[in-house]
Amino acid sequence: MSVPDGKRWFLPKESLDALIAVLHQQQYVVIGPVFHDRAIRLEQVQRADQLARGVRDEHSGGQYRLIDGNQELLFEYVVGPDSAKKFFFPPRQELFSLHVKGEQFVIDKVGPAAPKLAILGLRPCDLAAIAVQDRVFGYHQPAGDEAPWASGFRCESELYYTQAREQSLLIAVNCVRPGGTCFCASWGNGPQVNKDMPYDLAMTEMRKGFVIRSKSRKGAAIISSLSLRDADDAEVELEGLLLQRAAEHMGRQLQTDDLPQLLDRAIDSPHWDNVAKRCLSCGNCTMVCPTCFCSTVSDSDDLATGSTTRTREWESCYTHQFSYTTSGPVRSSIRARYRHWLRHKLDTWHDQFGVSGCVGCGRCITWCPVGIDLTAEVESIRRYDSRDENHAPPRITVEARP
Ligand code: SF4
Ligand code: SF4
């Protein structure tokens, strides 16, 4: 495996506070991984000593636990239940309030402006997920740093997402110890960043510090303000070895080259009944997934003021009401809902957005209360498929987004 190209510097551990201070000087709200509620969560930090130092995580189907790690390491864990999604697409968001005056709607209040965030500690799979959500919410990354971040098509209803992304600064930390449910390498989304991912700075952690590179002008400006030395040959070589080892130790694997065709053929697979006996339809997998984007809106009236507030909240395709129409729910069984979710992620997402809806982070496996494992379910479907000689007719595709 090749180490990402480009100039590399060395950021000593004791300079992490200087990095955070530079971000504060530039008016960023700094977000980083902290130990909170027996999990690694992404929260606001003021100093490096608030980061989750010396903690490792263990992941398997339906299981997550933190154990003591190396006190010299700040990023020894893989991922927690949070991802950048909650900052760009908040779980609950008041969109606006209005009242009726005569025959007109009068806006009383619009939702808050997006904060200017610097998110530290994102994993390469998280960056891949941000790139997926950029497509979902109509936010186009520029080809280079010259263009403004918001160039290209905008979905006007997603101004919050656009604003949050435009002013964000993304600092990735490559994975040198993948978790038991990770399969980002199967998608080419890890364990290290690649040039197609949206990031400003990317770091690889070592005992004494970080090998760090920039991708954007914003990232380069931060590096130059820190007066860092170049990474030496030994540090660059060690980075390559660490990333190579990580790529060889993924917890899970998934054959990804034929998934849309496989899942189209599997529309009536007996395996859907099998998984429906285990799935609780709880929706955990959709809540922790960094690419899932379903939401619902509700209106609440304030009788004292006559103002109505519209609120958007995350919703899950696993809930009974999600597909409810006047004639009842379109997907009334768990079999239908699991099938819809898996096919959307791995198959029809390609038709809608031109990419997979899965980046291989493994969160849906870890946080499924009954340990349903996307990679294992696909392999079961594949086994049924290889037994079936009467494949379904060829798939009907819709035109992919440009
Ligand atoms: S489907 Fe599962 S593994 Fe894939 S991106 Fe979502 S949470 Fe991660
Ligand atoms: S697959 Fe697991 S997490 Fe997802 S809805 Fe079913 S039981 Fe819940």
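Atoms within a ligand are numbered from 1 in the order they appear, just like the ligands themselves. Every value quoted in this text rests on a predicted model; they were computed, and no experiment measured them.
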Residue selection (non-hydrogen contact nearest atom 1 (S) of ligand 2) among Ile372, Ile365, Ile334: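 The option holding the nearest heavy atom is Ile372.
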How does Leu374 reach ligand 1, if at all, at less than 4.0 Å between non-hydrogen atoms: by side chain, backbone, both, or neither?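 Leu374 to ligand 1: side-chain contact only, backbone stays beyond 4.0 Å.
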Should the proximity of Trp341 to ligand 1, defined as any heavy atom under 4.0 Å, be assigned to the side chain, the backbone, both, or neither?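 Just the side chain.
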Any donor-acceptor N/O pair, Arg382 side chain to Gln255 backbone, under 3.5 Å: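 Yes, the answer is positive, given that a donor and an acceptor are paired below the 3.5 Å cut-off.
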Examine Cys361 and say whether one of its N/O/S atoms is closer to atom 8 (Fe) of ligand 1 than 2.8 Å.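 Yes.
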Which atoms of ligand 1 sit under 4.0 Å from any heavy atom of [X]?
X	answer
Gly362	3 (S), 8 (Fe)
Cys289	5 (S), 6 (Fe), 7 (S)
Val359	4 (Fe), 5 (S)

Over 12 foreign heavy atoms within 6.0 Å of CD, Glu248: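 Yes, enclosed.
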Surrounding CD of Gln104 (heavy atoms of other residues, nucleotides or ligands, distance under 6.0 Å), is the total greater than 12?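 No, because the 6.0 Å sphere around CD of Gln104 holds 12 heavy atoms or fewer from other groups.
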Could you check [atom] against the protein and tell me its nearest heavy-atom contact, residue, atom and distance included?
atom	result
atom 6 (Fe) of ligand 2	Cys279 SG, 2.3 Å
atom 8 (Fe) of ligand 2	Cys282 SG, 2.3 Å
atom 7 (S) of ligand 2	Leu280 N, 3.2 Å
atom 2 (Fe) of ligand 2	Cys368 SG, 2.3 Å
atom 3 (S) of ligand 2	Cys285 N, 3.4 Å

Which class fits the ring pair Phe137 and Phe293: parallel under 30°, tilted 30 to 60°, perpendicular over 60°?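 If you compare the ring of Phe137 with that of Phe293, the planes turn out perpendicular.
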Do His340 and Trp272 have ring centres separated by under 6.0 Å?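 Centroid distance His340-Trp272: not below 6.0 Å, so no.
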Which bit of Ser281 gets closer than 4.0 Å to ligand 2, counting heavy atoms only: side chain, backbone, both or neither?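 Backbone only.
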Is the NZ or CZ atom of Lys85 positioned over Trp314's six-membered ring, under 6.0 angstrom from the centre and within 45° of the axis?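 Because its charged atom sits under 6.0 Å from the ring centre and within 45° of the axis, Lys85 does stack over Trp314.
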Could you tell me whether Lys109 sits above the aromatic face of Phe96, with NZ or CZ closer than 6.0 angstrom to the six-membered ring centre and within 45 degrees of the axis?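 The answer is no, since Lys109 fails at least one limit relative to Phe96.
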Please confirm if an N, O or S atom belonging to Cys358, backbone or side chain, lies less than 2.8 Å from atom 2 (Fe) of ligand 1.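 Not a single backbone or side-chain N, O or S atom of Cys358 is under 2.8 Å from atom 2 (Fe) of ligand 1.
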Atom pair CG/OG of Asp385 and Ser269 - distance to nearest 0.5 Å: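 Between Asp385 CG and Ser269 OG, I get 8.0 Å after rounding to 0.5 Å.
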